[in-house]
Colleague: 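I am attaching a structure below and will ask some questions about it afterwards.
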Amino acid sequence: MKREKEGERGMAHGPNRGWGVREVVTAALLSALTVAIMFAGAMLTMFSYDFAMVASGGAGVFLSAPVFMLMVRRVDRFGVTCVFATIAALLFCTMGNMLFMLPFYVVGGLLLDLVFLRTPKQRQSSWWATGAWTTFSGLYLLSTLIPYLGNMDAYVAQAVAERGFDQGYVDAFFKYYGNPAWIVAIMLITMAVGFLGCLIGRALMKRHFERAGAL
């Protein structure tokens, strides 16, 4: 058993390996699951417009953090965050977000890989994965600003026409996302709960996945 663990550590510190079919399939499935949980988490906050504006992003990244951390460990390939961010952006586009958000996610995901998950040693460290997800949480919140950077009034009017939002939603939207101080506060809150989600992910991996031999 001791030799097996030493062998696993040696593999974790070895050179970067290429992507295979298994890694692609695993990354795609876990990326889709991560996005689905993010979406479900956001929906849980919709009982109040005010609460949703502040907490929808945070609820999503909090609940999905353990799946992201599992994906990083299981795939263990450079570019895993870029693949996840690309799939996330494409799925977000099907929910009504604009296709021009795609470059933001692709570049952002690649930068996170370069900074936090460049080597096998980093990808096998839950702290580096925590750093990647916490930073992604902030970038994810900022990405929600992209569609209305040009004209917030026009964006909200289009959202009301296409999705049937009422005046209460419009008022809450302008209250929070029309105020730079609130935007910064919400971004920091989102990053904080994303970090907390990673701490839970660390505990789950140690308690269940590592003991079961899934990692």
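Start at 1 with the first residue, then count along the sequence.
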Colleague: Would you compute the distance between atom CG of Asn179 and atom CZ of Phe174 and round it to the nearest 0.5 angstrom?
Modeller: 13.0 Å
Colleague: Considering only residues two or more places apart or on different chains, which pairs with a residue in residues 17-61 satisfy ring pair (Phe, Tyr, Trp, His ring centres under 6.0 Å)?
Modeller: Phe47-Phe51, Tyr49-Tyr169
Colleague: Find out if a path of hydrophobic residues (ILVMFWY) with successive side-chain heavy-atom gaps under 4.5 Å connects Leu29 to Met71.
Modeller: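 No, because Leu29 and Met71 fall into different hydrophobic clusters, even though each may have its own neighbours under 4.5 Å.
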Colleague: Sub-3.5 Å donor-acceptor pair from the side chain of Asp113 to the main-chain atoms of Thr81, do we have one?
Modeller: yes
Colleague: Would you say the rings of Phe136 and Phe68 are close, in the sense that their centroids are separated by under 6.0 Å?
Modeller: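 Judged by ring-centre distance (under 6.0 Å), Phe68 and Phe136 do not meet the cut-off.
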Colleague: Using a 3.5 Å distance criterion without hydrogens, assess whether the side chain of Tyr176 forms a donor-acceptor pair with backbone atoms of Ala52.
Modeller: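 Such a contact is absent between Tyr176 side chain and Ala52 backbone.
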Colleague: Check whether the side chains of Thr26 and Arg74 place a donor and an acceptor atom closer than 3.5 Å, and report yes or no.
Modeller: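 No, because no side-chain N or O of Thr26 sits under 3.5 Å from a partner of the opposite role on Arg74.
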Colleague: How many angstroms lie between atom OH of Tyr177 and atom CD1 of Ile183, to the nearest 0.5 angstrom?
Modeller: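 Tyr177 atom OH to Ile183 atom CD1 measures 8.0 Å (nearest 0.5 Å).
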Colleague: Which is it for Phe62 and Ile200 under the side-chain contact (heavy atoms from CB on, under 4.5 Å) test, yes or no, and what are the steps along the way?
Modeller: CA-CA 9 Å; Phe62 174 77; Ile200 293 176; 3.4 Å; yes
Colleague: Quick one: CG on Asp76 to CZ on Arg123, what's the gap to the nearest 0.5 Å?
Modeller: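 Answer rounded to 0.5 Å: 5.0 Å.
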Colleague: What's the separation between atom CZ in Phe116 and atom CG in Leu111, rounded to the nearest 0.5 Å?
Modeller: 10.5 Å
Colleague: Considering all heavy atoms of both residues, which atom of Gly178 and which atom of Pro180 are nearest to each other, and what is their separation?
Modeller: O-CD, 3.8 Å
Colleague: Taking a hydrophobic cluster as the set of Ile, Leu, Val, Met, Phe, Trp and Tyr residues connected by side-chain heavy atoms closer than 4.5 Å, whether directly or through intermediates, do Val80 and Val25 fall within one such cluster?
Modeller: no
Colleague: Any salt bridge (charged side-chain N to carboxylate O under 4.0 Å, His left out) involving residues 25-34? Give me the pairs, sequence neighbours left out, ordered by first then second residue.
Modeller: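 Sorted result for residues 25-34: empty, none.
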Colleague: Under a 4.5 Å cut-off applied to non-hydrogen side-chain atoms, are Leu63 and Leu44 in contact?
Modeller: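 SC-SC contact between Leu63 and Leu44 confirmed.
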Colleague: For residues Gln124 and Arg73, determine if any side-chain heavy atom of one lies less than 4.5 Å from a side-chain heavy atom of the other.
Modeller: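 A side-chain contact exists here, since the closest heavy-atom pair is under 4.5 Å.
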Colleague: Measure the CE-OH distance between Met38 and Tyr140 for me, rounded to the nearest 0.5 Å.
Modeller: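 Rounded to the nearest 0.5 Å, the CE-OH separation comes to 4.0 Å.
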Colleague: Which pair of heavy atoms, one from Met69 and one from Ser126, lies closest together, and at what distance?
Modeller: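 Looking at all heavy atoms of both residues, the closest pair is CE-O, 3.5 Å.
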Colleague: Partners of Tyr105 by side-chain hydrogen bond (donor to acceptor under 3.5 Å, both in side chains), sequence neighbours excluded?
Modeller: Ser143
Colleague: Using the six-membered ring wherever Trp is involved, compare the ring planes of Trp133 and Phe84 and label them parallel, tilted or perpendicular (cut-offs 30° and 60°).
Modeller: tilted
Colleague: Using every non-hydrogen atom in the two residues, find where Ala129 and Val72 come nearest and quote the distance to one decimal.
Modeller: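 Minimum heavy-atom separation between Ala129 and Val72: CB-CG1, 4.5 Å.
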Colleague: Show me the side-chain donor-acceptor pairs of residues 184-198 shorter than 3.5 Å, one per line, residues at least two apart or across chains.
Modeller:
from	atom 1	to	atom 2	distance (Å)
Thr190	OG1	Ile186	O	2.7

Colleague: Which residue pairs pass the salt bridge (charged side-chain N to carboxylate O under 4.0 Å, His left out) test with at least one member in residues 20-37, sequence neighbours excluded?
Modeller: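 Pairs touching residues 20-37 that pass the test: Glu23-Arg77.
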Colleague: Is any side-chain heavy atom of Cys82 less than 4.5 Å from a side-chain heavy atom of Thr86?
Modeller: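 Contact flag for Cys82/Thr86 side chains = yes.
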Colleague: Leu33 versus Ile37: any side-chain heavy-atom pair under 4.5 Å?
Modeller: yes
Colleague: Working to the nearest 0.5 angstrom, can you tell me the gap between Leu30 CG and Ser64 OG?
Modeller: 12.0 Å
Colleague: Using the test salt bridge (charged side-chain N to carboxylate O under 4.0 Å, His left out), find all partners of Asp50 that sit at least two apart in sequence or belong to another chain.
Modeller: Lys175
Colleague: Check whether Thr45 reaches the backbone of Ala42 with its side chain - one donor and one acceptor, N or O, closer than 3.5 Å.
Modeller: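 Present.
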Colleague: Both conditions, 6.0 Å and 45 degrees, for the charged tip of Arg202 above the ring of Trp127: are they met here?
Modeller: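 Because its charged atom sits under 6.0 Å from the ring centre and within 45° of the axis, Arg202 does stack over Trp127.
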